[in-house]
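Below: the structure, in structure tokens.
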Amino acid sequence: VIQGIHQIERLPIGFRAQMIVGNNFFETLDEESVQLVSTAWATSQRTEECESFIVDYRQDEKQHTVQGRFVPGAEGEWLCLLQDQSALFSCEQQAFELEFKDAATGIANEKQLLSELGSRLRECRDTNTHTAIIRFSATDLRSFEATIGRGGMVKLAQAIVERLEIGLESYLTRLQAETLRPSHLIARLCDSDYVVVLSGLDSFEFIEELATLLLRRLSTSIDLDEHICGIDWTAGIADTLDAPPTTDGLLSATAYAIYSDCALPNGYRVHRYNSDLKARVHHDIEIERLLRRDIADGVLEMHYQPKFDLSDLSLIGMEALIRWNNAELGFISPAKFIPIAEKSGLIISLSHLVVEKVLDQIAAWRDEGYKSVPTSINISGIHLNTRTIVEELRAGIQQRRIPPELVELEVTESIMVDGVGKAFKNLNELRDMGIRVAIDDFGTGYSSLSYLKDLPADCLKIDRSFVQSITSDPTAEAIARAIITVGHDVNMHVIAEGVETAEELNKLAELGCDSVQGYFTGRPVSSFEFTSFFEGARLAG
Ligand code: C2E
Ligand code: CA
Ligand code: CA
């Protein structure tokens, strides 16, 4: 029975409410605490020593901790010393959160991910089940910070996590209907990367479907106080069936999967790790390393492929095509290394190099007195989107006193369609300067003939795939015919690429195509060999 109380106000309110003289001390405690405190009381009685106990309870959404101990007093009395330890407890809690939670979103951070993944992998080994992870990587997050600020970046991260949580929960609920429910965790690995861990199942056949659904959710633009953020995501999947069953092994497998993204045509951005993918990525990384070195060492050269007028077979231009002959790997096709250069950012220095070389060559031929025909340069969408491309070309042609009509840029229609960037504006400025623009690979992208009139272009190149089957496939012929008709309607020059036979050439002439380029009329050759096309000027037959 409580005989007296002293400085009780130092205890949390809920705890001290019942501490009234005359009350039975044990009856003031909740059921759980009674057990603990009684044990401590009994021990103290027996040993006549101080015995401490801890009482935890929640009040007003807050966790409170009171530490107490029994101390023998005079004349058979016992003192119970009680101390509010809630502050200490919440400090510990905060320290835990600082260390293991992502500050912006409150989900697990890298440290917690690693420790959690480690313990799940051990558990899976013991239970003979598997673990899978999906890693979502944003390719261009950094660019938002300038407009939305750090505060906006925090909100953006929260919106991303919310989408992941809702998407994952609804998918797992559906799976539960099939009595599959993996244990899951969402973590933030770094600013741009989020990871979903799933464990405790025999297999993860559904994982690509889940990754695709989540990716779709993440890819819808996020509306943040007047700023609309459309983020580009790639997903990498790894599971313990195909990847090494360690934290590092799984995480780097997702990194491989994400890196492999450039090897595939645009569209599908979910990649699942396997050993083939690893080998391919290794090869790509090696190509990137050698390309970087060979760009610096000046190993790359330009070749030129002639273009001929279909009415009189006269030379009307040429296309500059890059050639890379590496000392170790031999000849590597630009179709292989250009996407790798685009992925790694090397494309910008490569593209500068191409522009310089081609402009030098145009000036050299002019100085040697050859017939002047336009030369086209393939320009990557990444280069076209830079702030400096217009000035770069302006300075380049002015320094060499090249008439701008002798320079044509070949760009693919895809950059026009997702052309929210500067591409459109840059192309218009370049055309105002007098430089010509051709739409490359026309018909293979998301092309719609109806937007053709809005394109800042002078020329359409019918893609090789249509030319290849133009004499055998009526659909290919119909498409080529349509491209030619609509192109002419909007005053564009229409050229067919990849012409390999006389039959193809005749068919194109019949359809009213303006010009041709292909192995049949001339393969890409070195600048030295190309002079024979100037001299021939007109093709025989
Ligand atoms: P592209 O712009 O469509 O270039 C035409 C490709 O078709 C060239 O391949 C050319 O050699 C090839 N070709 C020409 N006539 C025929 C033919 O009759 N039959 C067949 N089967 N092929 C023919 P290449 O040189 O391997 O270039 C592949 C791609 O690499 C190019 O496609 C272009 O997208 C890119 N590329 C090439 N050079 C550059 C460059 O300097 N800069 C950039 N950004 N990309 C380049
Ligand atoms: Ca081209
Ligand atoms: Ca092409």
Side-chain angles (χ1 to χ4, degrees), residues 265-267 305-311 316-321 334-335 338-339 342 374-385 407-419 421 423-424 426-428 430-431 435-501 504-505 507-522 524:
N266 34 343
Q305 185 176 30
K307 299 175 180 176
F308 295 96
D309 190 301
L310 259 179
S311 60
I316 56 142
M318 67 187 95
E319 176 176 6
L321 293 159
I338 294 284
E342 288 181 330
T375 302
S376 61
I377 307 174
N378 290 286
I379 295 287
S380 155
I382 297 175
H383 190 196
L384 191 63
N385 262 307
V407 179
E408 182 176 76
L409 304 181
E410 290 191 9
V411 299
T412 58
E413 54 187 328
S414 64
I415 61 115
M416 320 296 302
V417 177
D418 37 65
F424 231 84
N426 284 343
L427 276 186
N428 277 316
L430 288 162
R431 284 185 79 216
I435 288 177
R436 290 161 49 92
V437 172
I439 305 297
D440 207 352
D441 307 338
F442 192 80
T444 57
Y446 321 86
S447 49
S448 140
L449 290 174
S450 60
Y451 79 91
L452 207 55
K453 63 176 190 329
D454 303 321
L455 285 183
D458 309 272
C459 171
L460 282 187
K461 294 191 85 171
I462 304 177
D463 189 65
R464 185 166 80 220
S465 57
F466 301 114
V467 175
Q468 244 168 13
S469 39
I470 201 166
T471 52
S472 56
D473 176 3
T475 314
E477 182 185 330
I479 293 173
R481 188 195 306 272
I483 294 174
I484 294 164
T485 311
V486 181
H488 285 164
D489 281 351
V490 293
N491 283 322
M492 287 197 199
H493 180 99
V494 181
I495 181 168
E497 65 180 349
V499 179
E500 292 183 356
T501 65
E504 288 161 6
L505 186 134
K507 177 56 95 183
L508 286 157
E510 187 193 310
L511 296 178
C513 189
D514 299 307
S515 51
V516 287
Q517 171 187 354
Y519 292 168
F520 180 66
T521 48

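Between Leu409 and Leu430, the closest side-chain pair of non-hydrogen atoms falls below 4.5 Å. Two residues are said to be in side-chain contact when any heavy atoms from C-beta on lie closer than 4.5 Å; Phe308 and Ile316 fail this criterion. Taking 4.5 Å as the limit, some side-chain heavy atom of Ile483 sits within range of a side-chain heavy atom of Leu460. The closest side-chain heavy-atom distance from Glu500 to Tyr519 is below 4.5 Å. Counting heavy atoms from C-beta outward, Ile439 and Leu455 have side chains that approach closer than 4.5 Å. With contacts defined as side-chain heavy-atom distances shorter than 4.5 Å, the pair Leu321/Gln305 qualifies.
Across all their heavy atoms, Ile462 and Ala480 have their closest contact at CD1-O, 4.2 Å. A pairwise comparison of heavy atoms in Ala423 and Asn385 identifies N-OD1, 3.1 Å as the closest pair. Taking each heavy atom of Pro456 and Asn428 in turn, the nearest pair found is CB-OD1, 3.2 Å. Here the closest non-hydrogen pair linking Cys459 and Arg436 is CB-NH2, 4.3 Å.
Partners of Asp473 under the side chain to side chain donor-acceptor pair (under 3.5 Å) rule, at least two apart in sequence or in another chain, are Thr475. Remark: Asp458 engages Arg431 in a salt bridge (Lys or Arg N to Asp or Glu O under 4.0 Å) (not counting sequence neighbours). Scanning for side-chain contact (heavy atoms from CB on, under 4.5 Å) contacts around Asn426 gives Ile389, Val390, Lys422, with sequence neighbours left out. Shown here are the side-chain contact (heavy atoms from CB on, under 4.5 Å) partners of Glu510, two or more places apart in sequence or in another chain: Lys507. For the side chain to side chain donor-acceptor pair (under 3.5 Å) test, residues two or more places apart in sequence or in another chain that qualify with Ser311 are Asp309. Contacts of Ser376 classified as side-chain contact (heavy atoms from CB on, under 4.5 Å), with partners at least two apart in sequence or in another chain: Lys307, Glu319, Glu408, Glu410.
For the atom pair OG1 (Thr412) and CD1 (Ile379), the distance works out to 11.5 Å, reported to the nearest 0.5 Å.
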**Request:** Decide yes or no on side-chain contact (heavy atoms from CB on, under 4.5 Å) for Leu427 and Val411, but give the supporting numbers first.
**Result:** CA-CA 10 Å; Leu427 276 186; Val411 299; 4.3 Å; yes
**Message:** Apply side-chain contact (heavy atoms from CB on, under 4.5 Å) to residues Glu497 and Asp440 and explain how you reach the verdict.
**Reply:** CA-CA 9 Å; Glu497 65 180 349; Asp440 207 352; 3.6 Å; yes
**Asked** Can Leu505 and Leu310 be said to form a side-chain contact (heavy atoms from CB on, under 4.5 Å), step by step?
**Response** CA-CA 8 Å; Leu505 186 134; Leu310 259 179; 3.8 Å; yes
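Although no hydrogens or angles enter the test, the distance criterion places a donor-acceptor pair under 3.5 Å between the side chain of Thr485 and the main chain of Arg481.
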List the atom pairs, donor and acceptor, that lie under 3.5 Å between side-chain atoms in residues 464-471 and the rest of the protein, sequence neighbours left out.
from: Ser465; atom 1: OG; to: Asp463; atom 2: OD2; distance (Å): 2.7
from: Ser469; atom 1: OG; to: Ser465; atom 2: O; distance (Å): 3.2

Please tabulate, for side-chain N and O atoms in residues 486-496, each donor-acceptor pair with protein atoms closer than 3.5 Å (sequence neighbours left out).
from: His488; atom 1: NE2; to: Asp514; atom 2: OD1; distance (Å): 3.3
from: His488; atom 1: NE2; to: Asp514; atom 2: OD2; distance (Å): 2.9
from: His493; atom 1: NE2; to: Ser515; atom 2: OG; distance (Å): 2.7

